[in-house]
Amino acid sequence: MPLASELVQACTTVSTLSEVYCRVRDVVDDPNATMGDRVKALQLDPAIAARLLRMANNSPYGPSRQVDTVTGAVQLLGKQVINEFVATTTVGQTFAGIPVDLMDQSKFWRKSLFCALLARAIAKSCGVDDQEQPYMAGLLRDIGHYVLYQTVPQRAQSALIEAGYLEASLAEVEQSNIGCDFAEVGAELIRSWGLPVEIEQAVRCQLSPKDAGEFIVLTSIVHIAGAVVDYDELDSSRRPASVAFSPQAISATRFMPANLPALLTEARAQLQETLANVQPYTMAA
């Protein structure tokens, strides 16, 4: 049985996260960086710079006068919006080119983006000030399946079918059939990209937040968002009466499930808006 790290190394279609994202993240997060530094980082990819200008001129960001420079867009949009936009665009590019017979990449991408938006909404509702990490962790929550479908596609598909037939945990079936599950593989990929350990651990421990130690709040947010999007994609005839959440996740975040309908409405509306902004740089609808 292969180790999660071995599967990541064998996945030749993805090796490093976009240089543009890594550069933008470093510069935007650097308190000593100047506006010029941020603009130069964004201009590494002219397509991203152009799309930021379009976003800056569209509702809800659109000002009374036209924004016609990247500097103006950076000033208007702010750190969080820029980081999330560049992350969404570059991660989306990573998914492009997956053979259709392996997985429905459009569906996979939409689900990942929906999870990111919902994780951000949940974090905000729980009083978490930094909502960038929940967004990124939610976006990458399921990325281990990308690696599995690239490296062991037959076993990954068999695990999915078997889990559905037995109504069992997909991760447990993957552990039995492959030797590791999507959460482990995704965490190893994130680690190889050099992303913050908080995001790596949130993805690794998403199925068991109690194992996340000091990162239990972020992990619990990803757990809750992931459980909801998994539930949401089930056929209505197969859905249980309610979403099953880890008690530790609810306790750690103090999340109120009664708020979920409103958060889902918010995330779905943002999904359509975000897809309109990133679509040309990821994949067809």
Side-chain angles (χ1 to χ4, degrees), residues 4 17 21 25-26 28-29 31 78-88 91 111-145 169-171 181-232 242-268 270-271 274:
L17 193 59
Y21 170 70
R25 184 194 69 194
D26 291 343
V28 171
D29 289 345
K79 170 186 169 182
Q80 179 174 322
V81 172
I82 289 173
N83 271 357
E84 289 181 359
F85 171 79
V86 177
T88 302
V91 171
K111 181 181 178 182
S112 297
L113 185 52
F114 185 33
C115 189
L117 293 165
L118 186 57
R120 184 176 67 187
I122 291 169
K124 183 178 179 181
S125 77
C126 293
V128 175
D129 293 330
D130 181 2
Q131 293 151 32
E132 290 180 45
Q133 286 196 336
Y135 181 94
M136 191 64 177
L139 187 67
L140 297 175
R141 174 251 179 184
D142 208 24
I143 200 169
H145 278 126
S169 162
L170 176 57
D181 60 49
F182 74 96
E184 292 178 72
V185 176
E188 286 300 317
L189 179 60
I190 290 166
R191 186 180 64 80
S192 75
W193 281 345
L195 294 183
V197 66
E198 295 93 331
I199 296 175
E200 174 197 334
Q201 289 301 309
V203 172
R204 186 182 303 277
C205 301
Q206 60 177 288
L207 304 174
S208 182
K210 62 182 176 60
D211 297 330
E214 63 184 297
F215 308 122
I216 189 170
V217 173
L218 178 59
T219 304
S220 296
I221 291 170
V222 175
H223 166 83
I224 294 169
V228 173
V229 297
D230 284 347
Y231 180 89
D232 192 64
S242 61
V243 186
F245 298 124
S246 159
Q248 291 87 356
I250 299 297
S251 175
T253 58
R254 298 180 181 174
F255 176 68
M256 299 178 64
N259 293 336
L260 191 54
L263 297 178
L264 280 168
T265 298
E266 176 186 344
R268 288 188 177 112
Q270 291 174 343
L271 176 63
T274 306

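Between A171 and D181, the closest heavy-atom pair is O-CB, 3.6 Å. The heavy-atom pair separating A244 from A227 by the smallest distance is O-CB, 3.9 Å. Among all heavy-atom pairs drawn from A249 and P209, the shortest one is CB-CG, 4.1 Å.
Atom OG of S192 sits about 9.5 Å away from atom CD of E200, to the nearest 0.5 Å. Residue R141 holds its CZ atom at 10.5 Å from CG of L118, rounded to the nearest 0.5 Å. Going from atom OG1 of T253 over to atom CG of L218 covers 11.5 Å, rounded to the nearest 0.5 Å. Taken to the nearest 0.5 Å, the CD1 atom of I221 stands 11.5 Å off from the SG atom of C115. With rounding to the nearest 0.5 angstrom, the CG atom of L260 is 10.0 Å from the OH atom of Y231. For the atom pair D230 CG and L170 CG, the distance stands at 8.5 Å (nearest 0.5 Å).
Using a distance-only test at 3.5 Å, with no hydrogens or angles considered, a donor-acceptor pair links the side chain of S220 to the main chain of I216. The backbone N or O of Q248 lies less than 3.5 Å from no partner atom in the side chain of S251, so there is not a single donor-acceptor pair. Between the side chain of H223 and the backbone N or O of Q206, at least one donor-acceptor pair lies under 3.5 Å.
Within the 4.5 Å cutoff, no side-chain heavy atoms of T274 are placed close to those of F114. At least one side-chain heavy atom of I224 sits less than 4.5 Å from a side-chain heavy atom of I250. At a threshold of 4.5 Å between non-hydrogen side-chain atoms, the residues L140 and W193 count as touching. Residues V222 and P134 form no side-chain contact, since every pair of their non-hydrogen atoms from C-beta on lies 4.5 Å or further apart. Using a 4.5 Å cut-off on side-chain heavy atoms (C-beta onward), E266 and L117 make no contact.
Checking each of E132, Q270, Q131 against R120 for a side-chain hydrogen bond (donor to acceptor under 3.5 Å, both in side chains) leaves exactly one that passes, namely Q270. Shown are E188, E198, E184; of these, the salt bridge (charged side-chain N to carboxylate O under 4.0 Å, His left out) with R204 is made only by E188.
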